[in-house]
A.B. asks: 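Pasting a structure below so you can have a look.
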Amino acid sequence: MARPSHPSNLELQALSVLWHEGPSTVAAVHETLPDKKDRAYTTVLSVMQSLERKNLVRRARVGRAHVYEAAYSQEVIVQRATQNFLTNAFGGRLGEALLAILSAGTLTPEEKTNIERELQRHKTMAAKKTAKKVAKKAAKKAVKKVAKKAPAKKAAKKAAKKAPAKKAAKKAVKKVAKSAKKAAKKAVKKTVAKKAAKKAPAKKAAKKAAKKAPAKKAAKKAAKKAAKKK
């Protein structure tokens, strides 16, 4: 639905009759206008025709009479008019506007109840908005904390991934060291064995010579004895 045109003050009065009394004829509107001013029937007819041109009312023929019905709800039309009134007359200060409106007349018990209910609704909405803002701020802080922790978490993950490789490297180094140590031991043993093998023949010859020495001495002694006897 297209945005409705802005009605004049008198047109608003005519619409208020249709909102509260329902579909009405020009004569009914003429008799029920809120300001109670003395106006000609033709003036009100012109007002209703203007509202029809602005598509703010719909006209239907019932018998010989023409009945007018509001095309938009009071909330839709009054919201714009109220905003304009609040801006133009009070500079947008709602509290001042409310006080001025309340001082213009006396509220019925039902009206007071409705106003109290509306104020309570506004309080609840304000509390919800505040709670949402607080929750939004808390969520932002939590996101920032998580963002700060993320690099450290990534570094920890990388370190965790590298740890097994580091352990494996250490194990490999130990294995190589052990293998090298074993190889060194084997090399030392082989060297000792070679040296021992080289010394073995000389040692055997020495032993043989040692065994032969007493026999040689005895032969010398025997030769000396035989010479003396002669």
Side-chain angles (χ1 to χ4, degrees), residues 1-23 34-35 51 53-58 68-175:
M1 188 180 287
R3 189 177 184 183
S5 301
H6 186 67
S8 67
N9 290 337
L10 188 53
E11 287 171 349
L12 274 174
Q13 287 192 51
L15 285 170
S16 72
V17 173
L18 300 181
W19 288 326
H20 290 89
E21 303 298 331
D35 63 3
L51 286 170
R53 284 194 298 273
K54 291 180 179 179
N55 295 318
L56 293 173
V57 298
R58 290 186 289 266
Y68 291 85
E69 181 184 6
Y72 295 90
S73 67
Q74 184 179 17
E75 184 180 2
V76 172
I77 302 301
V78 171
Q79 188 174 14
R80 290 179 63 201
T82 303
Q83 189 62 48
N84 291 336
F85 171 68
L86 180 63
T87 302
N88 297 329
F90 298 95
R93 291 178 285 275
L94 182 58
E96 289 182 15
L98 289 173
L99 291 173
I101 292 169
L102 289 172
S103 64
T106 305
L107 294 172
T108 64
E110 185 180 355
E111 288 172 337
K112 286 181 180 177
T113 302
N114 290 337
I115 289 171
E116 286 173 357
R117 187 184 298 115
E118 189 65 17
L119 288 173
Q120 186 59 43
R121 188 177 71 84
H122 277 276
K123 284 181 182 178
T124 305
M125 286 175 67
K128 284 182 179 179
K129 284 182 180 179
T130 304
K132 281 183 180 179
K133 284 182 180 178
V134 172
K136 202 172 183 180
K137 284 183 180 179
K140 282 184 179 179
K141 284 183 180 179
V143 169
K144 284 182 181 179
K145 284 183 180 178
V146 171
K148 284 180 181 178
K149 289 180 180 178
K153 199 173 183 182
K154 285 182 180 178
K157 283 184 178 179
K158 284 182 180 178
K161 286 179 180 178
K162 287 179 180 178
K166 201 172 181 181
K167 286 181 180 178
K170 283 184 178 179
K171 284 182 179 179
V173 169
K174 285 182 180 179
K175 282 183 179 179

A.B. asks: Can you list everything that forms a salt bridge (Lys or Arg N to Asp or Glu O under 4.0 Å) with E21? Sequence neighbours excluded, please.
C.D. replies: none
A.B. asks: By side chain to side chain contact (heavy atoms under 4.5 Å, CB included), which residues pair with N84, not counting sequence neighbours?
C.D. replies: H6, N88
A.B. asks: What pairs with N9 under side chain to side chain donor-acceptor pair (under 3.5 Å), at least two apart in sequence or on another chain?
C.D. replies: none
A.B. asks: Only counting residues at least two apart or in another chain, list the ones meeting salt bridge (Lys or Arg N to Asp or Glu O under 4.0 Å) with E118.
C.D. replies: R121
A.B. asks: I'd like to check the side chain to side chain donor-acceptor pair (under 3.5 Å) partners of N114; sequence neighbours left out, ordered by chain and number.
C.D. replies: R117
A.B. asks: Pairs in or reaching into residues 75-120: which pass ring-ring contact (aromatic ring centres under 6.0 Å, His included), with residues at least two apart or in two chains?
C.D. replies: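 Applying ring-ring contact (aromatic ring centres under 6.0 Å, His included) to every pair that reaches into residues 75-120, excluding sequence neighbours, yields F85-F90.
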A.B. asks: Just grab all the salt bridge (charged side-chain N to carboxylate O under 4.0 Å, His left out) pairs involving residues 95-109, residues at least two apart or on different chains.
C.D. replies: R93-E96
A.B. asks: Under the salt bridge (Lys or Arg N to Asp or Glu O under 4.0 Å) test, which residues partner K54, sequence neighbours left out?
C.D. replies: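 For K54 the salt bridge (Lys or Arg N to Asp or Glu O under 4.0 Å) partners, ignoring immediate neighbours, are E11.
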A.B. asks: Can you tell me which residue pairs pass the salt bridge (charged side-chain N to carboxylate O under 4.0 Å, His left out) test with a partner in residues 99-116, sequence neighbours excluded?
C.D. replies: none
A.B. asks: Could you give all pairs that pass the ring-ring contact (aromatic ring centres under 6.0 Å, His included) test and reach residues 93-122, with sequence neighbours left out?
C.D. replies: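 Those involving residues 93-122 do not exist here.
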A.B. asks: Quick one: list whatever passes side chain to side chain contact (heavy atoms under 4.5 Å, CB included) with S103, sequence neighbours left out.
C.D. replies: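 So S103 forms no side chain to side chain contact (heavy atoms under 4.5 Å, CB included) with any residue.
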A.B. asks: Residues in side chain to side chain contact (heavy atoms under 4.5 Å, CB included) with L102, at least two apart?
C.D. replies: L107, I115
